[in-house]
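Have a look at the structure below before the remarks.
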Amino acid sequence: MAAHMHGRTITLIMLGNTFGVSLGLLLMTFIGTQMGCWPVFLLLGVLGASIALLAVKYPPSLKGENY
């Protein structure tokens, strides 16, 4: 990745993080008040495990840095 794109990349990552937390908080609060806390825990566990498996199966192809 070009050096001039680093700021934009960090901005997009933080935007996704903020959006995900904001939307996730509302969604999980709604599910928790409608169904109880266990479905929320189960859903978060499944989502976390799915993301972990995808990260292992499809890692980004980036060159390493030389130190």
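Just so we're clear, the structure is a prediction, and the values are computed from it rather than from any experiment.
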Taking distance alone, no hydrogens or angles, what donor-acceptor pairs closer than 3.5 Å link side-chain atoms of residues 23-36 to residues at least two apart or in another chain?
unit_1: Thr29; atom_1: OG1; unit_2: Leu25; atom_2: O; d: 2.7
unit_1: Thr33; atom_1: OG1; unit_2: Thr29; atom_2: O; d: 3.1
unit_1: Thr33; atom_1: OG1; unit_2: Phe30; atom_2: O; d: 3.0

Which residue pairs pass the ring-ring contact (aromatic ring centres under 6.0 Å, His included) test with at least one member in residues 42-63, sequence neighbours excluded?
none
How long is the gap from CG on Leu47 to CG on Leu42, to the nearest 0.5 Å?
9.5 Å
Rounded to the nearest 0.5 angstrom, the CE-OG1 distance for Met5 and Thr11 is 10.5 Å
Under the ring pair (Phe, Tyr, Trp, His ring centres under 6.0 Å) test, residues paired with Phe41 that sit two or more places apart:
Trp38
